[in-house]
Amino acid sequence: MAEQYWIGEFFVDLSRNQITQNKQPQTLAPKALAVLTCLAKHHGQVVSQDTLLETVWPDTIVSTNTLQRCIAQLRKALGDDGKVQVYIKTHAKKGYSLECAVQWDKPQDLESPSSPEVFNQETSEKVEPKTHETPQVQSSDNLTEAQHPVENQNREISNSDNSEQISQPRGGQPNIPEHRAKSSKISLLFAFILIVSLTTIFGLSENEKTTLSVSKISAVTATDGKEFASIYSPDSRYILFHRFSVDKCVNNIWARDIETQQEHKLTQKIDAYGKHSFSKDGKQLAFIRKMNCEEPISQKQCYQLMSLDFHAALKSPQQMRVLLECNNSEIRMPKWLNNDSIALLQKESDQWQIISYSITKNTSSILHKVTDGNILYYDYSQKENRIAVISIHEDEHLYIEMLEPSGELISRNRINIPSEIGSLRYIVANFSPLEEKLIFSTGRQLFTLSYTGEIKNISLPLDQSMGTPVFNSTGKRALAIKGVYDSDLASLPLSQLNNGIADAHIFARSTQLDGDAQTQPNGDLIAFESKRSGEKQVWLYDGKSAKQISRFTTDTRINGLKWAQDGQSLLVNANDALVKIDLNGSHQAYSLPNAVIQLLEWDSENQLALALVRTKGKRKLAEINIAKGIVTQLTNKKVHWAQYTESNQLIFSDTLGRFWQRGPVEDKPINALHGQAGTDQRFLIHDNIIYGVNDNLELWTYHLATDDYQIRSQLPIKFDYISDIHDAKLMFTLEMISHKEVVELTLK
């Protein structure tokens, strides 16, 4: 048996009891390394706890807790944890598996224990050793409350795709067959339509002082990975982006030299990174690192502001420097104001503010906050030396505020949102070459937003969704994220849950997004949302075919649909507003004072809806009297999901993964379910049983009357979310294809 081998980027030396990555050794207990070696000998296979105990402790009686401590030590050394199972994956009631490929023979081109490097003989480019496929479900990324976790279950390209994106890779391999690869003809058609559209759309009206047109569109990243969060270096020579590779177990920050097309990996190890920003001189890079808190107090994730020597990283991946750490507040979207100060969005108790952090003094100060409202998004222009802020105020309207870097207010104007966007929809806008105008995307349309709050449509619809463009310092080039997302509807009898979902029945299949299947009360129809007609619409499936019954406008977002008790109509959350749709297709919109984040339940007889709403930019659980247009807040806790039991008892989960029962005076915790509410995951209640999914992608059940908690099955990485239970069947959504890439627009 070899005493040295590689697991992904990690060199394992049993003779020294060390795991080394990029020449940084870690010493581990011999028994922990023996567990790793046993898993390595059977990589890709499930090794039972009994086998591991018998192999590593052959003549000793030890408890499974000893094995679990070894697994925890190994995950920490490899950068894994209970949630981010990239290397070692837990299989409920079965054992563990090592998901990354093992290399037993030392490569001849390596002189020291670091990452095993191989080269493509055709291109002479360095590539990473391949491993088992570990597709990533994009976590939510991610912005502020403008893009909250439940909205991120529909993982398309939206107007936030060039905003804050923090990706956490997860291991596992689905039993659902891969299908529907993208065709080159579709890609060519997209490029042609995009060039024609943008060349036309940037020919602006006569009162526009600057005219833009596109001379060329180029794919910056065309790999099997997911690329996002793209920006230019200050000298416009490099394009930076995040790349998560589903077959290399790697998520890192990369840079591409525009002149030579050479790519450079800047960061040393897999991690969860947010959007990045350059110092004014282009020497340093700042970004957010997100990780699970060791002892969560007010939030699940903790945040670090990191910096990186960019020029050194172009030569070889570099270690990061921690500038600032936040364990009880959230920080996002760093913007380097000058060589010493970095602006950040910081959130405490649902209140976002912009702060300025001084690196040399290690102090921070508040630049801007909205006393009776909230900040939704901001951008900084080094050229104009101004900050643009999108905020919501006491009157529930959006405003654009222009600031000096010192925080001094230059102007504040209410944003006049046209009906084609939706009056309650949030906006993510970046600075542009147009004079005193920002640009934002709603998906397949582009708009300008003036400093005085006027919005104009400047684009023809595109055939694929695209994120808000990010321009370089000259204004002659722009980066955007485009991609495809395909999800399918599936069902499985409750009696088969213990066997996993390999035998799930996929129905109403298409090559586009399909999700949120809801079964008709006392009927055979299934309602669901789909993009199969090009736009998100509500569809009905009768067991044989599907038909569209809604007629929403371009780039409509749907976050929740529920049947009426009589099964003759649906209530839909479209663009943060509620709309009733009858089976004949007629629409009735309701006027509400608040934006609806997610529709959770609908009592059609009493015209009451349970929903997550925004109140002055803050997320709240509320009951909505639809007929009267009255919104009543139900709790002050940070609620993630909620549902009523059959006996009308309200159960909800919070953002710390805890479950609660609402009481007459105070809420009562369900202690048996502490930490079992998965991030971005829903739960369902049926026959007094809660069905949920935790962060380890384990499907569990909990009986409210007997307190019986069971883990029913391990779910594949492509499992997205559960949506309904009907006729003793669990309905859920599976991710089939999820791809993002960076494109560059060259402007005339």
Quiz prompt | disulfide bond (SG atoms under 2.5 Å apart) partners of Cys302, counting only residues at least two apart | solution =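 Cys302: disulfide bond (SG atoms under 2.5 Å apart) contacts with Cys293.
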Quiz item: Which heavy-atom pair separates Tyr644 from Leu610 by the least distance, and what is that distance?
Solution: CE1-CD2, 3.9 Å
I'd like to know if [X] and [Y] make a salt bridge, using a cut-off of under 4.0 Å between side-chain N and carboxylate O.
X: Arg619; Y: Asp350; value: no
X: Glu227; Y: Arg243; value: yes
X: Lys536; Y: Glu529; value: yes

Quiz item: Given the side-chain rings of Phe719 and Phe732, with only the six-membered ring counted for Trp, is the space between their centroids under 6.0 Å?
Solution: yes
Practice problem: Run through Gln68, Gln714, Arg75 and flag the one making a side chain to side chain donor-acceptor pair (under 3.5 Å) with Thr90. | Solution: Arg75
Self-check item: Qualifying residue for side chain to side chain donor-acceptor pair (under 3.5 Å) with His242, from His276, Lys740, Lys226
Solution: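 Single side chain to side chain donor-acceptor pair (under 3.5 Å) partner of His242 among His276, Lys740, Lys226: His276.
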Quiz item: For Asp503, which residues count as a salt bridge (charged side-chain N to carboxylate O under 4.0 Å, His left out) partner, sequence neighbours excluded?
Solution: none
Practice problem: Could I get the full list of side chain to side chain contact (heavy atoms under 4.5 Å, CB included) partners for Gln661, not counting sequence neighbours? | Solution: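 Side chain to side chain contact (heavy atoms under 4.5 Å, CB included) list for Gln661, sorted by chain: Gln649, Ile651, Lys668, Ile670, Leu704.
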Self-check item: Face-on cation placement of Arg614 at Tyr426 ring, 6.0 Å and 45° thresholds
Solution: yes
Self-check item: ring pair (Phe, Tyr, Trp, His ring centres under 6.0 Å), paired with Phe659, selected from Phe652, Phe683, Tyr709
Solution: Phe683
Quiz item: Does a sphere of radius 6.0 Å around CD in Glu666 hold more than 12 heavy atoms from other residues, nucleotides or ligands, not counting ones at 6.0 Å or beyond?
Solution: no
Quiz item: Would you say Leu497 and Leu730 make side-chain contact, with heavy atoms under 4.5 Å?
Solution: yes
